[in-house]
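In what follows, a single structure is set out as structure tokens and then discussed.
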Amino acid sequence: MIDLRSDTITRPTEEMRRAMYEAEVGDDVYGEDPTVNRLEEESAQVLGKEAAMYVSSGTMGNQVAILTHTSPGTEVIMEANAHIYYYEAAAASAFAGIQPRPLPGDKGILSPELVASAIRPDDVHLPPTSLICLENTHNRGGGRIVPLENMRMIYNLASQNNLPVHLDGARIFNASVASGVPVKEYTACTTSIQCCFSKGLGAPVGSIVAGPAYFIEEARRWRKRLGGGMRQAGVIASACLVALKTMIDRLADDHTNARLLAEGLAGLKGLEFDPADVDTNIVIIKPQHIHPQQFNEELKKRNILASVMEPDMIRLTTSKEVSRRDIETAVMAIKDILIN
Ligand SMILES: *Cc1c(COP(=O)(O)O)cnc(C)c1O
């Protein structure tokens with residue numbers, strides 16, 4: 001099977017497995033796991049923040065950040081297709097008690113003017129705005145890179161209004177590698193950030209949340225409340241250290257493969273698709289004459305796995321588990337489905 005469902009399917013490398021076997025550990029809830037401590041220090045440094053905290057998933061990272069930044073009855077501005085709005089089972093409503101304020105973006109990119117107009121004035125009738133969330137790269141936007149200048153304008157706007165900005169940077173390293181913009185320049189436009197080790201970077205488990213020291217201190221209490229305090233977590237954190245050290249630059253290969261896929265699919269009849277929309281490792285296509293669920297079934301018959309993004313999209317994601325050869329096979333399979 002050629003698995004293009006997600007970059008979460010990546011398996012740990014040999015070096016990661018060795019590091020996991022050999023990891024020095026302690027009780028991380030006591031702050032005594034040296035490997036977790038090292039991961040948190042190195043991540044904070046790489047992301048240009050004062051402090052960082054290891055969490056079990058990207059969803060937990062985003063939710064801990066929202067819980068830390070906001071209080072119930074306030075409003076959080078986010079893009080209408082954001083992962084936080086779309087794919088986290090309404091956790092921010094269920095746990096933080098916030099009201100999401102989804103704003104339509106252009107393939108995930110919010111206009112600063114629209115964000116400005118959504119910040120609530122002080123009025124007893126209105127929910128106070130407490131946070132702005134951004135996502136880079138943008139998953140439902142097709143792995144779109146949110147331009148640095150766009151982030152900077154929104155961050156400045158937020159600062160003028162004393163609002164924090166949280167970046168769902170599950171794939172921020174994809175954005176950085178593809179654009180050539182150092183990751184610290186993106187994170188300089190955010191108060192806090194969540195980024196995933198378990199996607200293209202190939203580690204088996206975990207994400208990091210980074211931000212100011214006071215924020216991480218309070219975030220630790222929220223992680224504990226959510227049941228996210230882990231004990232000898234150095235066993236899994238060790239693989240994330242290897243991911244930081246060895247897996248970032250190779251994301252360029254995934255981008256090359258996604259580009260190859262995009263070019264192979266360009267101009268095919270029966271597909272709504274513009275190869276210019278592909279910035280990183282995600283390719284989203286819209287079959288025009290066949291239901292996406294059925295399209296997916298047809299792919300499966302040809303030994304290819306993809307994911308359906310409701311209502312009408314198919315997502316194809318490249319990762320270290322997918323070779324150039326696999327991409328060529330996938331292109332042929334898609335052509336075959338479209339002509340039959
Ligand atoms: C995958 C993803 C997350 C959540 O990560 P999990 O580890 O699956 O909880 C958050 N945001 C974006 C943009 C993602 O792609």
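Counting starts at 1 for both ligands and their atoms, in listed order. All of these numbers come straight from a predicted model, not from anything done at the bench.
The closest approach between a heavy atom of His138 and any atom of ligand 1 is not below 4.0 Å. Using a 4.0 angstrom heavy-atom cutoff, Lys199 counts as in contact with ligand 1.
Contacts with ligand 1 closer than 4.0 Å are made by heavy atoms of both the backbone and the side chain of Ser57. With a heavy-atom cut-off of 4.0 Å, Arg171 touches ligand 1 through its side chain alone. With a 4.0 Å heavy-atom cut-off, ligand 1 is reached by the side chain of Asn62 but not by its N, CA, C or O. Looking at Thr59 against ligand 1, both its backbone and its side chain come within 4.0 Å, counting heavy atoms.
Atoms of ligand 1 lying under 4.0 Å from at least one heavy atom of Asp168, given by number and element, are 10 (C), 11 (N), 12 (C), 13 (C). Near Glu88, meaning under 4.0 Å from one of its heavy atoms, ligand 1 places the atoms 10 (C). Close contacts between ligand 1 and Gly58 involve ligand atoms 4 (C), 5 (O), 6 (P), 7 (O), 9 (O) [criterion: under 4.0 Å to a heavy atom].
Here the protein heavy atom with the shortest distance to atom 10 (C) of ligand 1 is His83 ND1, 3.2 Å. Among all protein heavy atoms, the one lying closest to atom 13 (C) of ligand 1 is Glu135 OE2, 3.3 Å.
Summarising the local packing, OH of Tyr155 is surrounded by more than 12 heavy atoms from other residues, nucleotides or ligands at distances under 6.0 Å.
How far CD of Glu149 is from SG of Cys189: 8.0 Å, rounded to the nearest 0.5 Å.
A donor-acceptor contact shorter than 3.5 Å links the side chain of Arg101 to the backbone of Ala118. Looking only at distances, a side-chain donor or acceptor of Ser323 sits under 3.5 Å from a matching main-chain atom of Asp326. The main-chain N or O of Gly200 is never found under 3.5 Å from a side-chain atom of Asn281 such that the two would form a donor-acceptor pair.
Side-chain atoms of Lys300 and Leu305, non-hydrogen and from C-beta on, do get closer than 4.5 Å to each other. No side-chain heavy atom of Ser307 sits less than 4.5 Å from a side-chain heavy atom of Ile314.
Residue pairs meeting the side chain to side chain donor-acceptor pair (under 3.5 Å) criterion with at least one member in residues 327-340, sequence neighbours excluded, are Arg302-Asp336, Asp336-Asn340.
Polar contact check, Met60 against ligand 1: no nitrogen or oxygen pair lies under 3.5 Å apart.
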